[in-house]
Amino acid sequence: MRGKHLDRVRPPLTVRARALGVEPLEPGEETRMVRVRGPAHLFRVLEGLSPKERGEALGVGLRRLRYWWEPEEEEG
């Protein structure tokens with residue numbers, strides 16, 4: 001016996017994401033939980049940014065401090 005919920009069509013990802021107030025990930029993007037240590041103000045600033053803005057800020061900082069490498073360098 002099939003339940004009614006099995007007959008419903010699942011809305012597209014963009015519609016589900018918008019309902020949750022988030023953006024779907026772009027191709028090649030990931031989201032992860034990591035631990036970070038720093039002054040309390042750092043976290044107040046980060047919390048005011050969107051996940052995308054946090055990633056951009058982290059990328060800028062990693063490049064500036066020369067911790068960044070391009071993925072193709074990893075393969076070779």
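In this text, all values refer to a predicted model and were calculated from it rather than measured experimentally.
Take A57 and apply the side chain to side chain contact (heavy atoms under 4.5 Å, CB included) test, not counting sequence neighbours, and it matches no residue. Taking S50 as the reference, E53 meet the side-chain hydrogen bond (donor to acceptor under 3.5 Å, both in side chains) condition, with sequence neighbours excluded.
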Under 3.5 Å, sequence neighbours excluded: what are the donor-acceptor pairs made by side chains of residues 31-44?
unit_1: R32; atom_1: NE; unit_2: E30; atom_2: OE1; d: 2.7
unit_1: R32; atom_1: NH2; unit_2: E30; atom_2: OE1; d: 2.5

Under 3.5 Å donor-acceptor pairs involving side-chain atoms of residues 59-66, not counting sequence neighbours:
unit_1: R63; atom_1: NH1; unit_2: G59; atom_2: O; d: 3.3

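Within the structure, side chain to side chain donor-acceptor pair (under 3.5 Å) pairs that include any residue of residues 14-24 do not occur (at least two apart or interchain).
Residue V15 belongs to no hydrophobic cluster, having no ILVMFWY side-chain heavy atom closer than 4.5 Å to its own. In the hydrophobic clustering, where aliphatic and aromatic side chains (Ile, Leu, Val, Met, Phe, Trp, Tyr) are joined below 4.5 Å either directly or transitively, L25 stands alone.
When hydrophobic clusters are built by joining Ile, Leu, Val, Met, Phe, Trp and Tyr residues whose side-chain heavy atoms come closer than 4.5 Å, directly or via intermediates, L49 is not grouped with L58.
In terms of heavy atoms, K52 sits closest to E29 at CE-OE2, 4.5 Å.
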